[in-house]
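All chains are named by letter (A, B, ...) in the order of the sequence lines, taking the proteins before the strands, and each is independently numbered beginning at 1.
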Amino acid sequence: MNEQGCTRFDEQLEELAVGDLAEPERGLLLAHVATCGLCRERLDDLLALTDNLLAFAPQHEPPPGFESRVLERLGVAEPAARRARQRHTSPWWVAAAAVALLGAVATGIGLGRSRWDDDPTAAGAGAVAGEGPIVAADGRELGTIQLVDGPHPFALVTIDRPVDRGQRVTCQLVLADGSAVTVGWWDYTDVKAGVWAVGVAPSLLDAVGMRILDEQGSVLATATLA
Amino acid sequence: MVRTADRHDRLSDEALLAAVALGERDAVAVFVRRFQRRVYGLAITIVGDRNLAEDVAQQAFERAWRHAGSYDGRRAAVATWLMTITRNLAIDAVRVRRPLPVDPFTAAELLGPAGDDPAGAAVDTDDLSRLRRALRTLPDEQRRAVLLATVGGRTTGEIGEIEGVPVPTAKTRLRMGLRRLRTTMASEVER
């Protein structure tokens with residue numbers, strides 16, 4: 001770490017964080033940050049801070065018809081059935097999304113989670129076909145699993161606490177007859193907590209349980225779905 | 001019978017975004033409905049023009065939709081991620097069109113006393129509550145500089161104009177405000 005450099009750029013980190021630092025200072029500071037762990041850490045903190053401050057922006061109702069115009073812009077405004085047919089003819093897109101989500105096994109949870117989980121206006125609704133806490137063999141609660149219904153049902157596994165072992169873990173859904181179906185796996189090398197989503201067959205929405213296995217097939221955690 | 005869109009209302013932000021990434025049309029609609037007031041609110045705050053704000057807000061949802069599969073929750077919550085996208089697009093948009101008058105309505109809202117928004121406070125997470133409290137402890141001029149630079153998307157030059165102070169003073173207020181917030185937040189985490 002270059003102490004002199006840190007002192008020199010000390011005055012500019014905040015301006016960089018809010019996007020108000022012009023060239024060539026911006027480039028010089030970015031080059032410095034790339035080699036200075038202390039400044040990198042301070043800049044990361046500042047960026048997280050400035051991003052989180054955006055939650056205090058005033059809220060405004062957009063002009064009438066805004067939602068429709070957005071959906072039209074995205075090309076998803078047509079009826080769901082037609083859209084679903086189009087997706088079936090483009091499996092690569094779904095597969096790409098699934099792969100990306102599998103890659104997002106590492107997705108940790110930050111601010112603002114579950115804000116709408118208690119939305120009273122949604123009481124009685126049920127895109128969630130089944131859900132339950134994930135419990136380790138020693139009784140620790142590790143996270144939750146949700147089976148979400150829809151044209152493309154999926155399982156959403158949220159791990160808030162790390163599983164103790166395993167480089168690669170397998171996720172199985174357990175059906176009422178006791179049979180288990182593997183729905184996916186993820187590498188656990190660098191992952192200690194995260195959200196993992198994978199598409200599942202509609203028939204698996206009736207699953208009564210879930211289990212996570214290590215590479216040897218030992219059960220690391222289970223969930224009862226209700 | 002419950003409509004699919006209604007059923008998506010129950011999902012957490014992360015689950016909803018996962019459904020968006022998987023191509024659920026109704027999930028996209030719910031996603032837009034859930035965040036549109038905040039996205040449009042931030043856009044109009046920064047650009048100060050209703051037509052441009054709508055375009056920015058539409059672009060923000062389009063970008064979120066395209067990149068839903070690569071969202072990384074370790075870096076930020078879904079709402080924070082989406083608002084950051086919106087801010088960047090809004091700043092890009094106004095930099096093409098500067099100078100713009102400061103909309104007195106949005107400016108007044110933006111500069112209101114932080115932490116006195118019962119509606120906002122009701123949906124705060126713990127972290128946001130801490131940040132709201134920390135913001136409230138800042139001297140007024142520092143809090144204004146911080147909010148104008150972040151939520152308002154203003155440069156320090158513009159903050160100087162709005163506040164009637166030299167640019168170096170605006171820079172100092174911004175710097176001191178952010179440093180104080182960072183220190184306060186760090187000390188709260190350590191407690």
Side-chain angles (χ1 to χ4, degrees), chain A residues 11 14-15 18-20 45-46 49-63 66-67 69-71 73-74 76 80 83 87 93-94 96-97 100-101 104 106-117 119 122 125-128 146 148-152 154 156 195 197 199, chain B residues 2 4 6-15 18-19 21-26 28-29 32-33 36-38 40-42 44-45 54 57-58 61-62 65 69-70 72-74 76-77 79-80 83-84 87 91 106 109-110 114 123 125 127-128 131 149-151 155-156 174-175 178 181-182:
Chain A
E11 304 285 302
E14 286 80 9
E15 288 172 61
V18 297
D20 189 29
D45 282 354
L46 285 167
L49 182 62
T50 54
D51 285 351
N52 288 334
L53 282 166
L54 299 180
F56 301 128
Q59 297 191 21
H60 283 279
E61 202 64 52
F66 174 79
E67 179 187 327
R69 290 191 290 279
V70 172
L71 296 181
R73 181 176 185 138
L74 302 185
V76 296
R83 180 72 186 162
R87 278 197 299 268
W93 194 89
V94 175
L101 283 163
T107 348
I109 304 298
L111 289 173
R113 192 176 133 216
S114 302
R115 221 183 104 167
W116 285 268
D117 285 354
D119 181 358
V128 179
Q146 288 184 325
V148 182
D149 196 1
H152 292 281
F154 63 96
L156 186 78
V195 177
Chain B
V2 180
T4 311
D6 292 336
R7 289 181 281 163
H8 279 109
D9 283 341
R10 282 191 65 205
L11 297 179
S12 68
D13 293 350
E14 290 77 18
L22 286 165
E24 302 277 354
R25 184 261 177 204
D26 290 327
V28 178
V32 173
R33 207 171 307 141
Q36 61 183 2
R37 293 188 77 249
R38 282 183 284 177
Y40 180 76
L42 179 60
I44 190 82
T45 299
E54 167 153 357
Q58 286 191 20
F61 281 114
E62 182 178 11
W65 178 69
S70 57
D72 184 352
R74 289 171 301 180
T80 306
M83 294 295 270
T84 304
R87 180 181 186 271
I91 287 176
T106 54
E109 258 189 315
L110 181 61
V123 294
T125 62
D127 285 338
L128 279 187
L131 185 53
T150 54
V151 178
T155 64
T156 44
L174 172 65
R175 189 163 59 240
L178 285 174
L181 279 181
R182 178 172 176 259

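- Proximity of L131(B) to F56(A): side-chain heavy atoms (C-beta onward) are separated by under 4.5 Å at one or more points.
- When all heavy atoms of Y40(B) and P62(A) are compared, the pair lying nearest together is CD2-CA, 3.6 Å.
- Interatomic distance, NE2 of H60(A) versus CG of L42(B), reported as 10.0 Å (0.5 Å rounding).
- Atoms OG1 and CZ, from T50(A) and R182(B) in turn, are 12.0 Å apart once rounded to the nearest 0.5 Å.
- Looking only at distances, a side-chain donor or acceptor of D20(A) sits under 3.5 Å from a matching main-chain atom of T156(B).
- Listed by chain and residue number, R73(A), E54(B) satisfy the side-chain hydrogen bond (donor to acceptor under 3.5 Å, both in side chains) test with Q58(B) (two or more places apart in sequence, or in another chain).
- The only option from T80(B), L128(B), T150(B) that meets the side-chain contact (heavy atoms from CB on, under 4.5 Å) definition with L53(A) turns out to be T150(B).
- Inter-residue side-chain proximity for I44(B) and P58(A) is flagged as unmet; no heavy-atom pair is nearer than 4.5 Å.
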Evaluate the side-chain contact (heavy atoms from CB on, under 4.5 Å) criterion for residues V70(A) and V28(B): first the C-alpha distance (whole Å), next the side-chain angles of each, then the deciding distance (0.1 Å), finally the verdict.
-> CA-CA 10 Å; V70(A) 172; V28(B) 178; 5.9 Å; no

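- In this structure, the portion of R87(B) lying under 4.5 Å from any heavy atom of chain A is its side chain and not its backbone.
- With sequence neighbours left out, the side-chain hydrogen bond (donor to acceptor under 3.5 Å, both in side chains) criterion links T84(B) to D51(A).
- Look at E61(A) and R37(B) and you find a salt bridge, because one of the NZ, NE, NH1 or NH2 atoms lies within 4.0 Å of a carboxylate O, short of that distance.
- Residues L49(A) and L178(B) approach most closely at CD2-O, 3.7 Å, considering heavy atoms.
- Between the CZ atom in F61(B) and the CD atom in E67(A) there is a gap of 9.0 Å [rounded to 0.5 Å].
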